[in-house]
Amino acid sequence: MIAFVSGPVAALALTTAVIEVGGIGMAVQCTPNTLAGLRIGRQARLATSLVVREDSLTLYGFADDDERQVFELLQTASGVGPRLAQAMLATHTPDALRIAVATGDEKALTAVSGIGKKGAQKLLLELKDRLGEPVAQIGRQGIGTAATSSWRDQLQAALIGLGYATREADEAVTAVAPQAEAALAEGGQAPVPQLLRAALQTLNRAR
């Protein structure tokens, strides 16, 4: 198993970072939150989890070991593959997921793209006692903070990390703000991955 990769960031894309390790570019699948903390040319260290399939080897990268551990634990639930587990971590922090499961918060899980009401109920049952206690002292308001309270900052950081100028990032964030506000008004979470895709489409049209 590849436990981590460390080296300069060679390239960044919508869902992938390329880390140069010993002269080899390692493509690592990351959440928008993780990508937002990376900069091309700068050193990075990502905890990783290698997913082996008959026709592929996919390396998933995380900001720290705790996030990787939760990624792997989520996949012990039936119906949860690496993509859905990553989507859950793109929407919620590890501790927010722990709190959601501990408190039976269906709404927090249905905020994740691909999880419906029945799926959330099933996950709450299967993940109970598997994720453990929150690592940090997070109150009830901590649920979903990765996708709500600072979605603008995360989105802007991700766009700048992908090479866009601050002005371009600001304009793109403003353009997709109605989508985020609509989701929040309905009592959901700001869907950062979808907002990032929409922002990139806006930037591509402007060029």
Side-chain angles (χ1 to χ4, degrees), residues 1-5 13-17 26-38 46-136 138 140 142-148 151 154 158 183 186-198:
M1 176 182 175
I2 302 175
F4 70 89
V5 294
L14 182 61
T15 60
T16 308
M26 305 286 285
V28 187
Q29 298 289 314
C30 303
T31 66
N33 299 334
T34 299
L35 289 171
L38 304 177
L46 296 176
T48 57
S49 179
L50 180 63
V51 176
V52 180
R53 296 286 185 266
E54 290 184 3
D55 58 348
S56 67
L57 295 174
T58 305
L59 198 60
Y60 290 84
F62 309 93
D64 54 41
D65 292 335
D66 182 47
E67 193 171 54
R68 177 187 61 194
Q69 181 182 30
V70 171
F71 171 79
E72 293 173 347
L73 287 172
L74 289 172
Q75 293 176 72
T76 63
S78 60
V80 178
R83 291 186 181 279
L84 182 55
Q86 189 179 50
M88 293 173 75
L89 286 166
T91 306
H92 299 296
T93 64
D95 272 351
L97 284 172
R98 291 186 177 103
I99 293 172
V101 171
T103 58
D105 191 346
E106 289 181 22
K107 190 175 180 181
L109 294 187
T110 55
V112 179
S113 178
I115 299 180
K117 184 177 177 63
K118 290 184 178 179
Q121 293 172 341
K122 185 177 180 181
L123 285 173
L124 290 174
L125 288 173
E126 292 195 26
L127 292 174
K128 187 177 181 181
D129 301 325
R130 294 190 191 182
L131 298 185
E133 295 295 321
V135 173
I138 298 179
R140 188 65 177 77
I143 295 178
T145 53
T148 55
W151 70 266
Q154 290 182 62
E186 293 176 359
Q189 311 292 337
V192 176
Q194 293 93 318
L195 291 173
L196 180 56
R197 293 189 182 90

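Note: hydrogens, waters and symmetry copies are ignored here, and every other heavy atom, side chains too, is used.
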Which heavy atom in [X] sits nearest to a heavy atom in [Y], and how many Å separate them?
{"X": "Thr16", "Y": "Ala27", "answer": "CG2-CB, 4.0 Å"}
{"X": "Pro94", "Y": "Leu89", "answer": "CG-CD2, 4.0 Å"}
{"X": "Ala85", "Y": "Leu74", "answer": "O-CD1, 3.9 Å"}
{"X": "Leu131", "Y": "Leu73", "answer": "CD2-CB, 3.8 Å"}
{"X": "Leu123", "Y": "Ala77", "answer": "CD2-CB, 3.7 Å"}

If you define the side chain from C-beta out and look only at heavy atoms, does anything of [X] sit under 4.5 Å from [Y]?
{"X": "Val70", "Y": "Arg98", "value": "yes"}
{"X": "Arg53", "Y": "Pro82", "value": "yes"}
{"X": "Leu84", "Y": "Ile115", "value": "yes"}

[X] [atom1] to [Y] [atom2] distance, which is reported to the nearest 0.5 Å:
{"X": "Cys30", "Y": "Glu67", "atom1": "SG", "atom2": "CD", "result": "9.0 Å"}
{"X": "Gln75", "Y": "Met88", "atom1": "CD", "atom2": "CE", "result": "10.5 Å"}
{"X": "Leu127", "Y": "Leu97", "atom1": "CG", "atom2": "CG", "result": "8.5 Å"}
{"X": "Arg68", "Y": "Ser49", "atom1": "CZ", "atom2": "OG", "result": "7.5 Å"}
{"X": "Leu38", "Y": "Leu46", "atom1": "CG", "atom2": "CG", "result": "5.5 Å"}

Please list all pairs meeting ring-ring contact (aromatic ring centres under 6.0 Å, His included) that have one or both residues in residues 67-88, counting only residues at least two apart or in different chains.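 Checked against ring-ring contact (aromatic ring centres under 6.0 Å, His included) - neighbours excluded - the pairs reaching residues 67-88 are Tyr60-Phe71, Phe62-Phe71.
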Ala87 backbone acceptor or donor facing Thr91 side chain under 3.5 Å: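 Side chain of Thr91 to backbone of Ala87, a donor-acceptor pair under 3.5 Å: yes, one is there.
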Scan residues 116-131 for pairs that pass side chain to side chain donor-acceptor pair (under 3.5 Å), counting only residues two or more places apart or in two chains.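 Sorted result for residues 116-131: Thr76-Arg130, Ser78-Lys122, Ser78-Glu126, Glu106-Lys117, Glu106-Gln121.
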All side-chain contact (heavy atoms from CB on, under 4.5 Å) counterparts of Leu59, not counting sequence neighbours: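 Partners of Leu59 by the side-chain contact (heavy atoms from CB on, under 4.5 Å) criterion, ordered by chain and then number, come out as Ile2, Val5, Met26, Val28, Thr48, Leu50.
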